[in-house]
Amino acid sequence: MKSHRKELSFNIPARRALVNITRDVQAAIDESGILEGLCLVNAMNITASVFINDDESGLHADYEQWLEGLAPEKPYSRYRHNGYEDNADAHLKRTIMGREVVVAVTGGRLDFGTWEQIFYYEFDGKRQKRVLIKVIGE
Amino acid sequence: MKSHRKELSFNIPARRALVNITRDVQAAIDESGILEGLCLVNAMNITASVFINDDESGLHADYEQWLEGLAPEKPYSRYRHNGYEDNADAHLKRTIMGREVVVAVTGGRLDFGTWEQIFYYEFDGKRQKRVLIKVIGE
Amino acid sequence: MKSHRKELSFNIPARRALVNITRDVQAAIDESGILEGLCLVNAMNITASVFINDDESGLHADYEQWLEGLAPEKPYSRYRHNGYEDNADAHLKRTIMGREVVVAVTGGRLDFGTWEQIFYYEFDGKRQKRVLIKVIGE
């Protein structure tokens with residue numbers, strides 16, 4: 001069994017933003033030399049998500065509005081977590097969108113449906129954040 | 001390390017429906033000959049989910065009503081994604097229910113608690129959809 | 001490829017509670033002798049979650065209030081599942097928080113960001129429950 005580990009770094013200038021990382025994940029699989037296996041992609045920070053959906057700007061705007069309805073950023077005082085911080089909503093939004101995806105590797109490629117794309121979703125930016133890619137297989 | 005890949009196909013006549021796929025996943029594990037490992041089961045379409053919960057019709061009706069409250073189908077105009085499509089709610093409902101499950105394989109069997117069952121949840125049916133099963137192990 | 005399986009047991013005296021299980025998961029990885037691989041940690045019961053976030057009591061109180069808003073426990077009659085049971089809300093809350101996490105093992109350690117901690121979240125306690133840990137790798 002082979003394994004390969006890679007980190008991606010982000011420093012998003014806004015509080016929230018979406019980044020398509022599909023090519024970065026495929027590049028890590030290429031580097032691993034693994035043809036058949038599983039690939040874990042997870043946010044290493046607890047106020048960010050990794051998820052799979054469509055690369056369509058209307059949908060991304062819908063996510064923004066929908067998550068703000070489910071877990072509003074303000075007033076900051078609505079959350080107990082916000083004593084010294086203002087990012088409780090980021091923890092909740094990340095919970096909805098998920099920490100990680102596990103994807104199949106087949107023939108050295110991401111084994112994806114037509115529209116599947118992997119995204120990093122930042123909910124508390126303006127600082128250094130990381131994503132972990134771990135590939136195992138043969 | 002061995003690996004095995006299998007696709008399941010669905011063409012659900014309704015917009016939304018739940019299908020218990022536990023036996024199909026166990027059949028794929030049987031075919032793989034893998035006794036110890038991990039099994040990924042994921043929707044290959046971005047308007048459908050794979051999740052684990054109880055096979056109980058009351059709960060499934062509760063899911064329907066609950067998801068409709070969290071991400072209403074109509075009016076279609078409430079979503080930016082719905083320029084040429086009407087399925088933005090399907091993307092959001094699938095986000096709540098999840099894209100994938102990862103399950104342990106032990107002694108050649110799904111290593112499950114008493115009530116765990118794997119479901120495919122269609123949110124935008126009346127077309128061909130796919131689920132991917134990837135088993136790795138020995 | 002090696003694999004290792006371990007169960008954790010819980011009997012929480014309250015209906016809902018959070019338990020940090022990070023050390024238990026690391027202990028299972030230690031027992032496995034696996035240095036590089038993946039580790040699945042999942043609730044074996046369908047009214048409990050395993051998730052990763054911050055070990056901060058304010059945030060945990062926020063989760064309680066937020067989940068109660070998204071999937072209220074009462075009135076029990078609001079859910080079709082609650083014919084003979086009263087735990088439909090527990091199935092829905094667990095859906096939001098998730099069934100499982102998959103974590104990378106690197107150099108024999110949980111490959112984690114600074115604040116990542118693994119929690120068991122009980123939504124229907126006062127009975128015996130289980131968590132499964134399955135590690136595969138080399």
Side-chain angles (χ1 to χ4, degrees), chain A residues 1-3 18 22 34-42 49-71 93-119 121 134-138, chain B residues 1-7 9 28 32 34 37-51 69-72 76-85 87-103 124 127-138:
Chain A
M1 198 203 76
K2 289 189 212 175
S3 72
L18 282 149
T22 313
I34 289 170
L35 298 178
E36 300 294 324
L38 294 177
C39 176
L40 167 70
V41 188
N42 71 265
S49 286
V50 171
F51 75 101
I52 287 174
N53 217 300
D54 198 359
D55 197 349
E56 198 280 304
S57 63
L59 179 66
H60 296 180
D62 291 332
Y63 272 129
E64 270 297 295
Q65 187 174 341
W66 181 63
L67 292 169
E68 191 59 24
L70 293 177
K93 284 169 173 135
R94 113 76 173 244
T95 299
I96 295 281
M97 297 304 295
R99 167 190 180 259
E100 81 218 8
V101 297
V102 177
V103 294
V105 178
T106 301
R109 305 294 301 171
L110 285 167
D111 194 336
F112 266 3
T114 310
W115 303 103
E116 288 190 283
Q117 296 283 309
I118 310 174
F119 290 91
Y121 204 154
K134 184 94 180 187
V135 198
I136 71 167
E138 271 185 0
Chain B
M1 199 203 77
K2 288 189 212 177
S3 72
H4 181 63
R5 179 193 195 277
K6 188 175 187 178
E7 278 186 21
S9 277
S32 75
I34 289 169
L38 294 178
C39 176
L40 167 71
V41 188
N42 70 266
M44 299 186 77
N45 298 82
I46 53 192
T47 51
S49 286
V50 171
F51 74 101
L70 293 178
Y76 295 128
S77 61
R78 69 183 281 150
Y79 301 111
R80 299 261 308 267
H81 180 61
N82 286 345
Y84 300 92
E85 307 205 66
N87 66 0
D89 72 298
H91 291 270
L92 303 183
K93 285 169 173 135
R94 113 77 173 245
T95 299
I96 295 280
M97 297 304 294
R99 168 190 180 258
E100 80 217 11
V101 297
V102 177
V103 295
D124 186 32
R127 65 198 74 192
Q128 200 67 29
K129 299 282 193 87
R130 293 183 292 160
V131 160
L132 175 64
I133 303 170
K134 184 93 180 187
V135 199
I136 70 167
E138 271 185 0

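Each chain gets a letter, A, B and so on, in the order the sequences are listed, and its residues count up from 1. The analysis underlying the following values was restricted to heavy atoms, covering all of them including side chains, and did not include hydrogens, waters or symmetry mates.
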Quick one: closest heavy-atom pair of B/A88 and A/D62, and the distance?
CB-OD2, 4.0 Å

Do the non-hydrogen side-chain atoms of B/Y76 and B/N87 ever get within less than 4.5 Å of each other?
no

Closest non-hydrogen contact found for A/L38 with A/A104 is CD2-CA, 4.2 Å

So which residues of residues 44-51 of chain B are in contact with chain A at a heavy-atom cut-off of under 4.5 Å?
B/M44, B/I46

Least distance between heavy atoms, B/A28 atom then B/K6 atom
CB-CD, 3.8 Å

Among A/V105, A/I136, A/D111, which residue has the highest count of heavy-atom pairs closer than 4.5 Å to chain B?
A/D111

Applying side-chain contact (heavy atoms from CB on, under 4.5 Å), name anything that partners A/E100, two or more places apart in sequence or on another chain.
A/L40, A/N42, C/V101, C/V102

Using a 4.5 Å heavy-atom cutoff, which residues in residues 63-71 of chain A come close to chain B?
A/Y63, A/W66, A/L70

Tightest non-hydrogen contact, residues A/F119 and A/L18, listed as CB-CD2, 4.2 Å

Do B/H91 and B/D124 pair up side chain to side chain, a donor and an acceptor below 3.5 Å, judged on atom types alone?
no

Just jot down the side-chain hydrogen bond (donor to acceptor under 3.5 Å, both in side chains) partners of B/D89, sequence neighbours excluded, or say none.
B/R15, B/K93

Which atoms of B/T95 are under 4.5 Å from chain A, going by heavy atoms: the side chain, the backbone, both sets, or neither?
both

Considering all heavy atoms of both residues, which atom of B/S9 and which atom of B/R130 are nearest to each other, and what is their separation?
OG-CG, 4.4 Å

Quick check on the interface: out of B/R80, B/R78, B/R5, B/K2, who has the most heavy-atom pairs with chain A under 4.5 Å?
B/R80

Heavy-atom nearest pair, B/R94 first then A/I52, reads NH2-O, 2.8 Å

Between B/S3 and B/K134: side-chain donor-acceptor atoms closer than 3.5 Å:
no

Proximal component of A/E56, with respect to chain B [non-hydrogen, under 4.5 Å]:
side chain

